[in-house]
Amino acid sequence: MRIVLLGPPGSGKGTQAALVVERLGVPHISTGALLRNAAKRGTELGLQAKSIIDKGELVPDNIMSDMIEERLGRDDVAGGFVLDGYPRNLAQAKSLDIMLERLNKPADEAIHIDIDTEQIIKRIAKRAKEEGRSDDTKETVRNRMRVYAEQTAPVADYYAERGLLTRVLGDGSKEEVLQRILSILDLNTSSA
Ligand code: AMP
């Protein structure tokens, strides 16, 4: 199953992607994690990306499409994948479509996690304490939310127009949100 998981910063999409891949046995492809790893390793791309991430801006599309194309070309995506954090704007959504078409692996589902601003602020404050992400500061979060509203929210509409989008409520416990996602995917949730 090939799934695109969408949602604003702090919606829990990384957490849910990790839980969903456990059930599906497919790779979790998080562009944010790929970028943070590159920054940790100190590669040129990683260092360039870090200064952009820390401002809450988007890393340029050409860098992202090379990164995602390389990742989607690996053997472990044969059985599917959960994409987390990509696409982040309409240009990326279109380029992903072309890429997946070429690989004969079109997306099956796009899921958007809906959450209100108050919850986002609470969750990110909690994550800032637990994980210490350098882009979870107040000012950067504000910018990430603006970038999300302007550039990423239209991606959900893009998938909706193609009949691929389902929205789930992101409030409640991790397990509750997971159950909502699994039921969209028609997965047997009795063992959950
Ligand atoms: P995330 O872990 O998905 O919240 O991503 C953290 C940061 O990495 C974002 O705020 C962006 O700066 C950068 N990033 C992640 N994915 C993308 C993408 N698809 N396009 C551009 N920038 C990205």
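Every number for a ligand or one of its atoms is a count from 1 in the order of the listing.
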Checklist line | Residues clustering with Leu58 (ILVMFWY side chains joined when closer than 4.5 Å, directly or via others) | finding: Val147
Item checked: Pairs flagged by side-chain hydrogen bond (donor to acceptor under 3.5 Å, both in side chains) wherever residues 133-144 is involved - sequence neighbours left out -> Lys50-Ser134, Asp54-Ser134, Glu57-Asn143, Arg127-Asp136, Arg133-Asp135, Asp136-Arg144, Thr137-Thr140, Asn143-Arg146
Check: Of all heavy-atom pairs between Gly172 and Glu176, which one has the smallest distance, and what is that distance?
Finding: CA-OE1, 3.1 Å
Next item on the list: Keeping to residues at least two apart or across chains, list the salt bridge (charged side-chain N to carboxylate O under 4.0 Å, His left out) pairs with something in residues 29-41.
Entry: none
Next item on the list: Would you mind checking if Lys105 and Glu101 are paired as a salt bridge, meaning a charged N to carboxylate O distance below 4.0 Å?
Entry: no
Check: Taking any residue with a non-hydrogen atom under 4.0 angstrom from an atom of ligand 1, which ones do you get?
Finding: Lys13, Thr31, Gly32, Leu35, Arg36, Ile53, Glu57, Leu58, Val59, Met64, Gly85, Tyr86, Arg88, Gln92, Arg133, Asp135, Arg144
Next item on the list: Decide if atom CD of Glu118 counts as having more than 12 heavy atoms of other residues, nucleotides or ligands within a radius under 6.0 Å.
Entry: no
